[in-house]
Amino acid sequence: MNDKKKGRRDALYVVAVDIGGTNTEFAIIDRRGSVMGRNRISTTGHDGLEAYVGALRVAVDALAAELNISADSIAAVGAGAPAANGATGQIQVSTNLPWDAPVPLAKALSDAFGIPAAITNDANAAAAGEMIYGVARGMRNFIVITLGTGVGSGIVCDGHLLSGSRGFAGELGHVVVCGDSDRPCGCGRAGCLETYCSARGIVETARRLLDRDDRQSSLRDLGELTAKTIAEAAADGDALACEVYEFTGKVLGEACASFAAFTDPTAIILFGGVAKAGSLLIEPMKRAMEPSLLHLYQNRIEIMQSGLNDAEAALLGASAVAWELADRQ
């Protein structure tokens with residue numbers, strides 16, 4: 001990479017990195033969001049953070065050489081990681097990562113690559129990716145809600161990704177939606193949106209319905225309940241499975257009606273594995289959200305599915321953060 005730590009607005013590419021507990025995916029991406037090439041290294045097995053980022057640079061250099069991309073044409077590095085704080089450049093909690101928190105990831109990447117580096121968490125990466133490459137292109141106000149193992153969110157207001165005073169703005173998955181709930185959340189509280197609308201929350205809803213309802217359901221014959229298998233059963237017309245998604249959509253829709261008052265968004269965009277249920281989730285969500293909205297927002301907020309390719313979404317989001325950084329240099 002470049003020897004001098006400076007971004008270049010006329011550069012053609014950025015390096016995007018998606019750090020997981022087992023593997024780290026990386027890619028070289030142009031301004032249009034085209035993935036020129038991608039590869040991976042193990043996140044674990046390195047002798048500390050410095051050795052890890054050193055191995056990452058070696059792998060990125062090899063990919064760039066293979067693609068005949070010069071070091072001078074790469075402007076910045078963007079990385080997405082769990083619990084990453086873009087404001088501080090650190091990973092605040094490293095539960096599933098092999099380094100002691102706080103992890104000074106942005107500085108380590110910048111030092112290793114010799115160019116500016118920025119980090120973000122997965123939900124904010126999804127929001128940044130949608131704004132540049134996805135269905136939110138041209139929008140200045142929207143909320144991305146990531147529905148997967150947990151529930152995350154990225155909020156864009158007046159064209160800016162909200163980060164807050166310490167980088168933790170937008171934890172909508174941990175807004176309590178039921179004050180007397182008996183659903184404990186991993187954050188230590190109970191009744192958070194995540195306990196209802198994550199993949200785990202959907203499975204919990206199905207289990208509770210099966211326990212208290214003796215109706216015949218194909219869900220009883222499944223070896224393992226997952227949000228995906230429940231959605232498949234609902235798509236096949238299973239009444240109890242449909243009720244699971246009706247309930248989940250209702251909770252999410254009512255929550256989003258409250259979220260709308262925060263930033264007056266043009267759209268709420270759903271991303272992640274749970275969002276693949278499509279109309280099974282979105283239709284009850286709409287039915288619950290509209291009458292719950294303050295009249296100022298009624299019939300003005302669109303609910304959309306993400307326009308990003310799941311296989312590349314995390315990398316595209318990281319590249320969006322890198323381009324934003326490069327353009328400020």
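The structure presented is a predicted model; accordingly, all values stated were derived computationally and were not measured.
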For this session: Could you check Glu130 against Met304 for side-chain contact (heavy atoms from CB on, under 4.5 Å), going step by step and ending with a plain yes or no?
Result: CA-CA 11 Å; Glu130 290 292 351; Met304 309 172 72; over 6 Å; no
Side-chain heavy-atom pair [X], [Y] within 4.5 angstrom cut-off:
| X | Y | answer |
| --- | --- | --- |
| Phe113 | Leu56 | yes |
| Leu281 | Leu147 | yes |
| Thr248 | Tyr196 | no |
| Glu324 | Met131 | no |
| Leu105 | Leu49 | yes |
| Pro98 | Thr43 | yes |

With rounding to the nearest 0.5 Å, note down the distance linking [atom1] in [X] to [atom2] in [Y].
| X | Y | atom1 | atom2 | value |
| --- | --- | --- | --- | --- |
| Ile301 | Asn141 | CD1 | CG | 10.5 Å |
| Leu210 | Leu222 | CG | CG | 9.0 Å |
| Ile230 | Cys242 | CD1 | SG | 11.5 Å |
| Ile145 | Met285 | CD1 | CE | 5.5 Å |
| Met289 | Tyr297 | CE | OH | 12.5 Å |
| Leu270 | Ile303 | CG | CD1 | 7.0 Å |

Using every non-hydrogen atom in the two residues, find where [X] and [Y] come nearest and quote the distance to one decimal.
| X | Y | answer |
| --- | --- | --- |
| Ile132 | Ala320 | CD1-CB, 3.5 Å |
| Ala84 | Ile119 | CB-CD1, 3.9 Å |
| Ala112 | Val53 | CB-CG2, 3.9 Å |
| Pro82 | Ile91 | O-CG2, 3.4 Å |
| Val135 | Ser306 | CG1-C, 4.3 Å |
| Pro104 | Pro102 | CD-O, 3.6 Å |

Please check: side-chain N/O of [X] versus main-chain N/O of [Y], any donor-acceptor pairing under 3.5 Å?
| X | Y | result |
| --- | --- | --- |
| Thr205 | Gly201 | yes |
| Ser198 | Val151 | no |
| Ser34 | Met36 | no |
| Glu290 | Gln298 | no |
| Arg137 | Gly134 | yes |
| Arg189 | Cys185 | no |

Residues in salt bridge (Lys or Arg N to Asp or Glu O under 4.0 Å) with [X], at least two apart?
| X | value |
| --- | --- |
| Asp30 | Arg32 |
| Arg40 | Glu25 |
| Glu204 | Arg208 |

Kindly write out the residues that satisfy side-chain contact (heavy atoms from CB on, under 4.5 Å) with [X], not counting sequence neighbours, or none if the list is empty.
| X | value |
| --- | --- |
| Ala16 | Ile29, Leu315, Ala318, Ser319 |
| Ala313 | Phe271, Leu308 |
| Arg215 | Asp213, Ala239, Leu240, Glu243 |

Under a single-linkage definition using a 4.5 Å side-chain heavy-atom cutoff for Ile, Leu, Val, Met, Phe, Trp and Tyr, are [X] and [Y] assigned to the same hydrophobic cluster?
| X | Y | value |
| --- | --- | --- |
| Leu97 | Phe26 | yes |
| Ile69 | Leu63 | yes |
| Val321 | Tyr13 | no |
| Phe142 | Ile282 | no |
| Val77 | Ile74 | yes |

Exercise. With sequence neighbours left out, which residue pairs that include part of residues 259-283 fulfil the side chain to side chain donor-acceptor pair (under 3.5 Å) condition?
Worked result: Lys276-Asp310
More than 12 heavy atoms from other groups under 6.0 Å of [atom1] on [X]:
| X | atom1 | value |
| --- | --- | --- |
| Asp236 | CG | yes |
| Glu50 | CD | no |
| Asp214 | CG | no |
| Asp211 | CG | yes |

Exercise. How far apart are the C-alpha atoms of Val274 and Ile202, what are their side-chain angles, what is the distance that settles it, and do they pass the side-chain contact (heavy atoms from CB on, under 4.5 Å) test?
Worked result: CA-CA 9 Å; Val274 170; Ile202 288 170; 3.5 Å; yes
Once side chain to side chain donor-acceptor pair (under 3.5 Å) is applied, do any residues pair with [X], and if so which ones, sequence neighbours excluded?
| X | value |
| --- | --- |
| Asp238 | Ser217, Ser218 |
| Tyr52 | Thr24 |
| Glu66 | none |

Taking only distance into account, with no hydrogens and no angle test, what donor-acceptor pairs under 3.5 Å do side-chain atoms of residues 152-175 form with protein atoms, sequence neighbours excluded?
| unit_1 | atom_1 | unit_2 | atom_2 | d |
| --- | --- | --- | --- | --- |
| Ser153 | OG | Gly170 | O | 2.2 |
| Ser153 | OG | Leu172 | N | 3.1 |

Under 3.5 Å, which donor-acceptor pairs do the side chains of residues 249-261 form with other protein atoms, sequence neighbours left out?
| unit_1 | atom_1 | unit_2 | atom_2 | d |
| --- | --- | --- | --- | --- |
| Lys250 | NZ | Glu254 | OE2 | 2.9 |

For this session: Flag the pair Asp327 and Arg31 as a salt bridge only when some basic side-chain nitrogen lies within less than 4.0 angstrom of an acidic carboxylate oxygen.
Result: yes
